[in-house]
Amino acid sequence: NSILLFMIPVDSKSISGEYAVLLNELKEYNPELLDKKRVVAITKSDLADNELMKEMKVELPDIPSVFISSQTGTNLQRLKDILWKELNAPVND
């Protein structure tokens, strides 16, 4: 795999906290995985209104991210487009 997709639910207490936990788990499992490109998908976005999502964006890591909902289909195509773009982007060493 050349890219990692982190999926964090919108109803998490802390998006940045959840992301930090996931990064730590990767580090413990295999530190080389930290060198891969990353994308964050905030799931269950149908449970949040636009104002809440706007506030949550401040907490997102500085990597490509998108709010999605499998229930409503919101931004699923956008997620695919982001993944495609990241998979085909040149690697920065």
Side-chain angles (χ1 to χ4, degrees):
N1 297 342
S2 59
I3 191 166
L4 299 173
L5 173 61
F6 292 84
M7 299 180 76
I8 302 171
V10 77
D11 57 356
S12 293
K13 289 183 180 180
S14 169
I15 301 283
S16 60
E18 293 280 340
Y19 181 70
V21 167
L22 293 170
L23 287 180
N24 188 55
E25 288 178 3
L26 282 179
K27 181 180 171 187
E28 295 293 321
Y29 176 71
N30 182 351
E32 290 179 10
L33 291 173
L34 295 173
D35 296 333
K36 295 184 179 277
K37 293 180 183 180
R38 301 176 211 143
V39 172
V40 173
I42 307 303
T43 63
K44 302 181 183 180
S45 68
D46 54 294
L47 300 177
D49 61 17
N50 288 336
E51 185 66 30
L52 179 59
M53 286 189 281
K54 185 177 177 181
E55 291 173 16
M56 295 176 92
K57 284 182 182 181
V58 176
E59 212 183 327
L60 296 176
D62 191 24
I63 60 174
S65 60
V66 62
F67 285 83
I68 64 168
S69 171
S70 59
Q71 178 73 25
T72 64
T74 302
N75 286 332
L76 295 180
Q77 184 59 51
R78 184 164 175 235
L79 173 60
K80 290 184 220 177
D81 292 343
I82 289 170
L83 291 170
W84 181 255
K85 179 181 175 187
E86 291 300 310
L87 284 169
N88 292 293
V91 176
N92 296 330
D93 290 325

Taking all heavy atoms of [X] and all of [Y], pick out the closest pair and write down the distance.
| X | Y | result |
| --- | --- | --- |
| D46 | S69 | OD1-OG, 2.7 Å |
| I82 | P64 | CG2-CB, 3.7 Å |
| F67 | N75 | O-ND2, 2.7 Å |
| S70 | L76 | CA-CD1, 4.4 Å |
| P9 | T43 | CA-OG1, 3.1 Å |
| K37 | E86 | NZ-O, 2.6 Å |

N88 side chain to W84 backbone, donor-acceptor under 3.5 Å: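 Yes, because the side chain of N88 sits within donor-acceptor range (under 3.5 Å) of the backbone of W84.
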
Polar side-chain atom of R38 near backbone of L34 as donor-acceptor pair, under 3.5 Å: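 Yes, because the side chain of R38 sits within donor-acceptor range (under 3.5 Å) of the backbone of L34.
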
Contact between [X] and [Y] at the side-chain level, heavy atoms closer than 4.5 Å - yes or no?
| X | Y | value |
| --- | --- | --- |
| K85 | D81 | no |
| V40 | P61 | yes |
| L26 | L4 | yes |
| I63 | V39 | no |

Residues which pass side-chain contact (heavy atoms from CB on, under 4.5 Å) with K80, listed by chain and number, not counting sequence neighbours: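 With sequence neighbours excluded, K80 shows a side-chain contact (heavy atoms from CB on, under 4.5 Å) to Q77, given in chain and number order.
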
Hphob cluster co-occupancy, M53 + V58, side-chain heavy atoms under 4.5 angstrom: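 In one cluster with M53: V58, no.
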
Connected via hydrophobic side-chain network under 4.5 Å: V21 and F6: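 Unlinked, V21 and F6 end up in two clusters.
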
K44: which of D11, I8, I68 passes side chain to side chain contact (heavy atoms under 4.5 Å, CB included):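 Passing option: D11.
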
Considering residues, nucleotides and ligands other than [X], do more than 12 of their heavy atoms fall under 6.0 Å from its [atom1]?
| X | atom1 | result |
| --- | --- | --- |
| N50 | CG | no |
| E32 | CD | no |
| E59 | CD | yes |

Euclidean distance, S16 OG relative to L60 CG, rounded to 0.5 Å: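 One gets 9.0 Å once the value is rounded to the nearest 0.5 Å.
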
Distance in Å, K36 NZ paired with L5 CG, rounded so as to fall on 0.5 Å steps: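 If I round to the nearest 0.5 Å, the distance is 13.5 Å.
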
